[in-house]
Every structure is written in structure tokens, then in C-alpha cells.
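Labels below follow one simple rule: chain letters A, B, ... track the order of the sequence lines, proteins then strands, and each chain is numbered from 1. What you see is a predicted model, and the numbers here were worked out from it, not measured in a lab.
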There are 2 protein chains.
Amino acid sequence: MVKCFPQELDQLFSALGEPVRRSVVRSLATGEKSLSALAEPFSMTMPAVMKHVAVLERSGLVRSEKRGRTRYCSLEPARLKEAQDWIAETVAFWTPKLESLARHLEASE
Amino acid sequence: MVKCFPQELDQLFSALGEPVRRSVVRSLATGEKSLSALAEPFSMTMPAVMKHVAVLERSGLVRSEKRGRTRYCSLEPARLKEAQDWIAETVAFWTPKLESLARHLEASE
DNA sequence: GATATAGTTTACCAAATGGTAAAGTGTTTC
DNA sequence: GAAACACTTTACCATTTGGTAAACTATATC
């Protein structure tokens, strides 16, 4: 299921472990946005927003492209799926224990 | 869907954004383990492992209990579901764009 | 072509993170 | 009850993180 390297999962999960960056991801889910449009909801300087976007780009969650003097950012949802897959796999590891517990309870009735 | 506070999502995702901690979570998915059992695969001192476990406990992913001189750690899979839900919601935000693109392509055929 | 706009670079800072070594505490076990 | 074991606490360290201010670059706009 998970196709990317552990190091990429590090970048992915820690990118999501920050409220500003999760907001940015949510904001981009509705379409591409410029850096200043992303910065607007937060009372934060441009360099700070740029650093968050850089973290998101390194994680593969976001890509950006400069057109004229504006840099447009957009979401790369394939990466979000990697995180989702890792969690799904972990839950799958865990679930058999629950099922065997259920069988055990049934058997002891 | 997501029932916990943003701050709890921070702790959750950044807890998962570290390879040792993801390994610990995977390791606990098969059942409870002592601190030294968790430490064994990593060439790491006990205090270091304790810090990782503390981060996991703060995130709600892990709980622990001391029996005799041994501390046993176990997974709290409900928290894993919170992370899963946040991602699912974000994908849900994003997906309508894909669908409208698909409709657009169909219409232009 | 002067001016405003959108972003970038540089230099800096405080606090958090991920680790260590060494000494201390409470349970077994012999 | 002495020794081994499983953790815990304390003190310390280097690096990373998340932010700032100020100066700079490139593109519109009037």
C-alpha cells in the first residue's frame, strides 16, 4: 500500500503536525492560491508563510509555479493518500487482535 | 468526523512524523510491550525511548501502565482514527474538484 | 520611467526536539 | 539482604523549527 520511503512519511506527517500548514492544505483543497492569498488569514509575515509552504513542498503535499510576479500553490492529493495508507495499514495490523478477542468472547459464552 | 481539537491533531500528526515513533506504533499494533522491549530494536538509550513514548502518550496514541518494575505500553487506536478522519475530510473537500473536472471533460467530448 | 506589488534573500532570535551520560528509585531474585 | 533489573530523574548538548525585520529583485501599472 504505502509506496514511499520512511523519510518521506516523516516529512509528510510532520508537515501535517502544524496548524498553519493543515489550514493551508485545507485552503488549497478548494483550488490553487497565491502565496499572499494563503498568508492573508494568518497575521504572519510573508517569509514565515514561505517557510511553511516550503515544508509542504518538501513533503510532496503541495507544488507551486510562478506566473508573472505571483507564485501559485496547489495540492498534490496523491501524497495525502500515502499518509492515509500508512494509517490504514497500521489499523489493519491492529484489527486482527480485536477480531480474535471477539471470537474468544463468543467461544466463552 | 474529526472530534478532537486542532491542538490534539498537532500532537497526533507530529507524533507520527518521526520514524522511531512510527515503528513503536507499528510494534504496539501486535500487542502491549514493555519499555525495554520497545527500546531493543533501536540502539538508543532508555531516556530517549521514554521521551518518544511520552510524546506518543501526549498525542493519545499510546497509554501505559506500570506493573511491578515494568511499564507496559499499548496502542489506543481511536486516536489513529482521528488522523484518518482528518485526511478523509480533506480529500472529501478536494474530490468535488476532480469530479467537476471529469464532468467538464465529458461535456467537452 | 517612477511607483506599487508580490515575492525572495539574508541575518538573526527564542524555544522546542532528539539525543546523551550519570546518578537515583523501586522491584525482583538469589 | 545483596545484587541485578527496569525504569526514572537530572543536567546537559547540538540541531531544527517557527518566527521576525530589513534589504533586495522582478513584474505590473499609471
> Could you tell me whether a side-chain N or O of A:Q84 sits under 3.5 Å from a main-chain N or O of B:I87, the two making a donor and an acceptor?
no
> When rounded to the nearest 0.5 angstrom, what distance separates CD in A:E8 from NZ in A:K3?
11.5 Å
> State plainly whether one hydrophobic cluster holds both A:L61 and A:Y72, where clusters connect Ile, Leu, Val, Met, Phe, Trp and Tyr through side-chain heavy atoms under 4.5 angstrom apart.
no
> Between P on C:dG18 and CG on B:L56, what's the gap in Å once rounded to a whole number?
11 Å
> With side-chain contact (heavy atoms from CB on, under 4.5 Å) as the test, pick out the partner of A:L56 among A:Q11, A:R22, A:R21.
A:R21
> Identify, residue by residue, the members of residues 17-28 of chain B with a heavy atom below 4.0 Å from DNA chain D, and return them in order of residue number, or none.
none
> Check the distance between D:dA6's C1' and B:E40's CD and give it to me in whole angstrom.
15 Å
> Grab the CG-P distance between A:L16 and D:dG18 for me, whole Å please.
12 Å
> Taking atom P of D:dT10 as reference, at what distance in whole Å does atom NZ of B:K51 sit?
13 Å
> Answer yes or no: is there an ion pair linking B:R63 with B:E65, defined by an N-O contact shorter than 4.0 Å?
no
> B:D10 CG to C:dT17 C1': how many Å, rounded?
15 Å
> With each end axis built from five pairs of C1' atoms, what bend angle do you get for the helix from C:dG1-D:dC30 to C:dC30-D:dG1? Round to 10°.
20°
> Let me check something: do A:M50 and A:V55 share a hydrophobic cluster, defined by ILVMFWY side-chain heavy atoms less than 4.5 Å apart, either directly or through other members?
no
> In whole angstrom, what separates B:K33's NZ from D:dA6's C1'?
18 Å
> To the nearest 0.5 Å, what is the distance between OG on B:S59 and CG on B:D10?
11.5 Å
> Thinking salt bridges, do B:E40 and B:K33 make one under a 4.0 Å N-O criterion?
no
> Report the C-alpha separation of B:W86 and A:V25 in whole Å, then their side-chain angles, then the decisive distance to 0.1 Å, and conclude whether the side-chain contact (heavy atoms from CB on, under 4.5 Å) test is met.
CA-CA 11 Å; B:W86 186 90; A:V25 168; 4.0 Å; yes
> Roughly how many Å is it from CD in B:E65 to P in D:dC7, rounded to a whole number?
13 Å
> Check whether any side-chain N or O of A:E82 sits under 3.5 Å from a backbone N or O of A:L9 as a donor-acceptor pair, and report yes or no.
no
> Say whether, by atom type as modelled, one donor and one acceptor occur between the side chain of B:R79 and the main chain of B:V62 under 3.5 angstrom.
no
> Listing time: all N or O pairs from protein to nucleotides 5-9 of chain C that are below 3.5 Å?
{"residue": "C:dT5", "atom": "O4'", "partner": "A:R69", "partner atom": "NH1", "Å": "3.3"}
{"residue": "C:dT5", "atom": "O2", "partner": "A:R69", "partner atom": "NH1", "Å": "2.8"}
{"residue": "C:dG7", "atom": "OP1", "partner": "A:L35", "partner atom": "N", "Å": "3.3"}
{"residue": "C:dG7", "atom": "OP1", "partner": "A:R71", "partner atom": "N", "Å": "3.3"}
{"residue": "C:dG7", "atom": "OP2", "partner": "A:S36", "partner atom": "N", "Å": "3.0"}
{"residue": "C:dG7", "atom": "OP2", "partner": "A:S36", "partner atom": "OG", "Å": "2.6"}
{"residue": "C:dT8", "atom": "OP1", "partner": "A:R71", "partner atom": "NE", "Å": "2.7"}
{"residue": "C:dT8", "atom": "OP1", "partner": "A:R71", "partner atom": "NH2", "Å": "2.9"}

